[in-house]
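Heads up: the structure comes next, in structure tokens.
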Amino acid sequence: MFVFGSGHAAEQGAAPNRGALFKVQQGGHTLYLFGTIHVGSKAFYPLEPRIGGLLKSAPVLALEIDPLGDPQKLSRAVQQHGISAKGASALSPAWRQRLDRLLRQYNIEPETVATMKPWLLASLLTVSEFAAQGYDASLAVDAHLAKQAHDAGRKVVELESADSQMALFDKMTPAEQLTFLQEAIASIEDKEQADQAREIAEAWRNADSSALEALALKAEQDDSFSGRFVQKVLLEGRNPALADSMLKLMARENNSVAAIGILHLVGQYSVPEQLRKRGASVERIY
């Protein structure tokens with residue numbers, strides 16, 4: 001049987017805890033819920049041994065979406081929700097200059113992003129800033145887990161889809177999308193995005209529960225348009241359905257692992273809180 005230790009793995013030379021880990025129980029079945037980050041660095045790995053042990057005995061790994069899944073699904077979702085002949089052409093000349101400076105900074109050719117809707121362009125800039133801070137999307141924790149599961153022949157299921165995720169962004173009006181892009185540009189220029197990237201990555205890397213809760217509180221209090229969108233639509237809006245999908249999986253399978261973005265696991269509207277509301281027993285392991 002796989003036994004959870006007392007948290008002294010780092011002292012014994014093993015990899016330290018990362019993110020957050022919860023044990024969820026209902027109806028005689030157990031599910032382990034792990035908080036990931038959608039970028040990574042080599043310093044994140046190896047993950048602590050418990051995660052590998054849980055994956056080895058898990059019949060299923062559940063992810064928001066499988067990064068190693070059908071690339072055609074992702075391509076179709078991008079085309080449907082993220083591409084338009086107009087692109088971000090409604091940007092004013094002043095904002096266009098600021099955007100062009102960032103594209104040069106990240107070595108992105110303007111013509112390659114000319115047809116991206118403002119929300120998709122904002123997302124690309126954010127990922128590029130994370131990369132500039134040393135956090136690479138190719139080293140994302142969910143991709144790492146997906147590869148382990150696929151290599152071991154484990155079943156990987158998606159709790160959501162690329163289409164459903166991108167459709168949320170595409171529900172913004174054209175004016176809202178421009179605001180979303182402008183706020184992304186401004187947050188990169190004033191180093192707020194760089195600070196946030198480091199704060200999230202460090203809190204995840206150190207499994208720092210107090211820092212993660214502080215980030216959740218900060219997100220809840222962010223009254224910018226993009227801050228409200230992230231909190232209300234991307235976090236609070238998705239958490240109930242993520243919890244429901246986990247409970248359905250747990251009813252079918254025992255000892256599965258669900259791994260989703262760490263910010264879904266903290267704060268008063270988190271997935272663990274949603275699971276508790278639905279009658280599940282939820283224990284935070286770290």
Side-chain angles (χ1 to χ4, degrees), residues 36-45 64-69 71-144 146-147 162 165-166 168-170 172 174 176-205 224-227 229-230 234 261-263:
T36 67
I37 186 168
H38 300 319
V39 294
S41 77
K42 290 180 180 177
F44 287 3
Y45 304 106
E64 292 171 41
I65 60 172
D66 182 0
L68 305 182
Q72 292 300 316
K73 285 185 182 178
L74 177 61
S75 179
R76 286 194 296 270
V78 170
Q79 285 295 324
Q80 181 176 352
H81 300 294
I83 301 299
S84 164
K86 293 180 179 179
S89 59
L91 271 181
S92 70
W95 279 105
R96 173 61 61 179
Q97 285 184 346
R98 294 165 71 173
L99 170 62
D100 287 344
R101 277 198 297 271
L102 289 182
L103 294 177
R104 287 194 297 272
Q105 181 177 316
Y106 300 134
N107 295 314
I108 298 171
E109 295 294 334
E111 49 274 22
T112 65
V113 300
T115 58
M116 284 187 180
K117 290 183 179 180
W119 76 260
L120 184 58
L121 184 49
S123 300
L124 174 63
L125 294 176
T126 300
V127 169
S128 299
E129 181 57 27
F130 267 80
Q133 299 302 319
Y135 304 110
D136 191 339
S138 69
L139 295 172
V141 178
D142 36 5
H144 175 83
K147 185 176 188 307
Q165 288 185 350
M166 293 189 187
L168 294 174
F169 289 93
D170 203 20
M172 283 188 279
E176 288 171 340
Q177 288 196 35
L178 278 183
T179 299
F180 191 77
L181 173 57
Q182 289 165 354
E183 289 183 353
I185 292 169
S187 71
I188 291 171
E189 290 174 338
D190 67 14
K191 307 302 181 186
E192 181 184 346
Q193 187 64 251
D195 291 343
Q196 185 183 57
R198 284 193 296 271
E199 286 172 6
I200 293 173
E202 284 304 295
W204 182 88
R205 190 170 71 88
S224 66
F225 173 77
S226 51
F229 179 81
V230 169
L234 300 188
I262 188 69
L263 294 183

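These figures come from a predicted structure and were not determined experimentally. Scope of the values below: all heavy atoms of this structure, side chains included, with no hydrogens, waters or symmetry mates.
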Inset, instruction - Using modelled atom types only, decide if a donor and an acceptor are shared between the side chain of E183 and the backbone of F225 within a distance under 3.5 Å. - result: yes
Inset, instruction - Look only at the side chain of Y45 and the backbone of G40, and say whether a donor-acceptor pair between them is shorter than 3.5 Å. - result: no
Legend entry - Non-neighbouring partners of A90 that pass side chain to side chain contact (heavy atoms under 4.5 Å, CB included), sequence neighbours left out: L178
Inset, instruction - Can you sort out the partners of T112 under side-chain hydrogen bond (donor to acceptor under 3.5 Å, both in side chains), two or more places apart, ordered by chain and number? - result: none
Legend entry - Which atom of A137 lies closest to which atom of V127, heavy atoms considered: CB-CG1, 4.4 Å
Legend entry - Exercise: identify the closest heavy-atom pair between T126 and I188: N-CD1, 4.5 Å
Inset, instruction - Work out which heavy atom in H81 is nearest to a heavy atom in K117; give both atom names and the distance. - result: O-CD, 3.3 Å
Legend entry - Min side-chain heavy-atom separation Q177-D170 under 4.5 Å: yes
Legend entry - Close side-chain approach of M166 to L74, heavy-atom, < 4.5 Å: yes
Inset, instruction - Search all heavy atoms of R96 against all heavy atoms of A88 and return the closest pair with its distance. - result: NH2-O, 3.0 Å
Legend entry - Mutual orientation of the aromatic rings belonging to W119 and F169 [parallel < 30°, tilted 30-60°, perpendicular > 60°]: parallel
Inset, instruction - For K147, enumerate each residue passing the side-chain hydrogen bond (donor to acceptor under 3.5 Å, both in side chains) test, keeping only those at least two apart in sequence or located in another chain. - result: D151
Legend entry - Donor-acceptor under 3.5 Å (Q182 side chain, W95 main chain): no
Inset, instruction - Take V39 and I200 through the test side-chain contact (heavy atoms from CB on, under 4.5 Å) and record every step on the way to the result. - result: CA-CA 10 Å; V39 294; I200 293 173; over 6 Å; no
Inset, instruction - Kindly indicate whether the side chain of I262, heavy atoms from C-beta on, has any atom under 4.5 Å from the side chain of V141. - result: no
Inset, instruction - Start with the C-alpha distance between E64 and D142, add both sets of side-chain angles, then the distance that settles side-chain contact (heavy atoms from CB on, under 4.5 Å), and finish with yes or no. - result: CA-CA 9 Å; E64 292 171 41; D142 36 5; 5.7 Å; no
Legend entry - Sidechain-backbone polar pair: Q133 side chain, A197 backbone, donor-acceptor under 3.5 Å: no
Legend entry - Shortest non-hydrogen separation from F229 to L168 and the atoms involved: CZ-O, 3.6 Å
Inset, instruction - Work out which heavy atom in A122 is nearest to a heavy atom in A184; give both atom names and the distance. - result: CB-CB, 3.9 Å
Legend entry - L263 vs I37 side-chain heavy atoms within contact, under 4.5 Å: no
